[in-house]
Amino acid sequence: MIGKGVEKEKPVSLTEVYKILRERKKIGELGYEQRLAYDYAQKFKSLSPKKAENLMKELLELGKIREHQAVSIIDLMPETEEDVRLIFAKERTPLDDEDIGRILEIVRKYKK
């Protein structure tokens, strides 16, 4: 698209994508790619926007998790230690069993 550029870049969860596109849909019709992203986010979002925001805050408060990692956790809502280890498999963030346990405890609190 000519004349359009990226204003800012930030990792967002599917819940946030859904919220953003729902607001844009109220203003006007969504483009093809936006409709695809909206439909996908609507089907696969796992939390309400408020819960996702609170979960993000709690995960970032742990100190070892960066924003893009927290977004992956929110989108995937891991249930086991192996799931958490897979999310961090390509990361350089060292997580011990205690950190993984805290992550799973926080995620379980929001799954209910």
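Residue indices begin at 1 and follow the sequence shown. Excluded from the calculations below are hydrogen atoms, water molecules and symmetry mates; all remaining heavy atoms, backbone and side chain alike, are included.
- Of all heavy-atom pairs spanning I103 and I73, the tightest one is CG2-CD1, 4.0 Å.
- Between Q42 and D39 there is a side-chain heavy-atom pair separated by less than 4.5 Å.
- Under the 4.5 Å side-chain heavy-atom criterion for ILVMFWY residues, no single connected hydrophobic cluster contains both Y40 and M77.
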Quick one, F44 with V17, criterion side-chain contact (heavy atoms from CB on, under 4.5 Å). Give me CA distance, side-chain angles, the key distance, then yes/no. CA-CA 11 Å; F44 296 107; V17 169; over 6 Å; no
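- Enclosure of atom CD in E79 is not indicated, since only 12 or fewer non-hydrogen atoms of other residues, nucleotides or ligands lie within 6.0 angstrom.
- The pair K19-E23 fails the salt-bridge criterion, with no side-chain N (NZ, NE, NH1 or NH2) lying under 4.0 Å from an Asp/Glu carboxylate O.
- At a threshold of 4.5 Å between side-chain heavy atoms, the hydrophobic network of Ile, Leu, Val, Met, Phe, Trp and Tyr places V12 and L36 in two separate groups.
- D83 is not listed as a side-chain neighbour of L76, based on a closest heavy-atom distance of 4.5 Å or more.
- Hydrophobic clustering places L62 together with L47 (ILVMFWY residues linked when any side-chain heavy atoms are closer than 4.5 Å, directly or through intermediates).
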Could you go through the salt bridge (charged side-chain N to carboxylate O under 4.0 Å, His left out) check for E98 and R102 one step at a time? CA-CA 6 Å; E98 186 179 321; R102 278 191 256 146; 3.0 Å; yes
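- To the nearest 0.5 Å, atom OG of residue S13 and atom NE2 of residue H68 are 14.5 Å apart.
- The shortest distance between side-chain heavy atoms of L86 and E81 does not fall below 4.5 Å.
- Side-chain heavy atoms closer than 4.5 Å link hydrophobic residues (I, L, V, M, F, W, Y) into clusters, and following such links, even through other members, never connects V71 to Y38.
- Here the closest non-hydrogen pair linking P94 and D99 is O-OD2, 4.1 Å.
- Once rounded to the nearest 0.5 Å, the distance linking CZ of R22 with NZ of K26 reads 5.5 Å.
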Kindly determine whether R85 and L95 satisfy side-chain contact (heavy atoms from CB on, under 4.5 Å), including the steps that lead there. CA-CA 8 Å; R85 288 187 197 284; L95 290 179; 6.0 Å; no
I100 vs F88, side-chain contact (heavy atoms from CB on, under 4.5 Å): CA-CA, chis, key distance, verdict: CA-CA 10 Å; I100 292 172; F88 288 89; over 6 Å; no
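- Cluster membership check: Y18 does not share its hydrophobic cluster with I74, using side-chain heavy-atom separations under 4.5 Å among Ile, Leu, Val, Met, Phe, Trp and Tyr.
- Note that the CD atom of Q34 and the CD1 atom of I20 stand 11.0 Å from one another [nearest 0.5 Å].
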For a side-chain contact (heavy atoms from CB on, under 4.5 Å) check, start with the C-alpha distance between R66 and Q69, then their side-chain angles and the critical distance, and finish with the verdict. CA-CA 5 Å; R66 292 179 290 199; Q69 295 165 330; 3.4 Å; yes
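- Side-chain contact check for R24 versus E29: every heavy-atom pair is 4.5 Å or farther apart.
- Listed here is the closest heavy atom pair of P78 and I87: CG-CD1, 4.0 Å.
- Considering only heavy atoms from C-beta on, E53 stays 4.5 Å or farther from E16 through its side chain.
- More than 12 heavy atoms of other shown residues, nucleotides or ligands fall within 6.0 angstrom of atom NZ in K111.
- Between T93 and I65 there is no side-chain heavy-atom pair separated by less than 4.5 Å.
- D75 and S72 share no side-chain donor-acceptor pair at under 3.5 Å.
- A heavy-atom distance below 4.5 Å is not found between the side chains of L59 and Y110.
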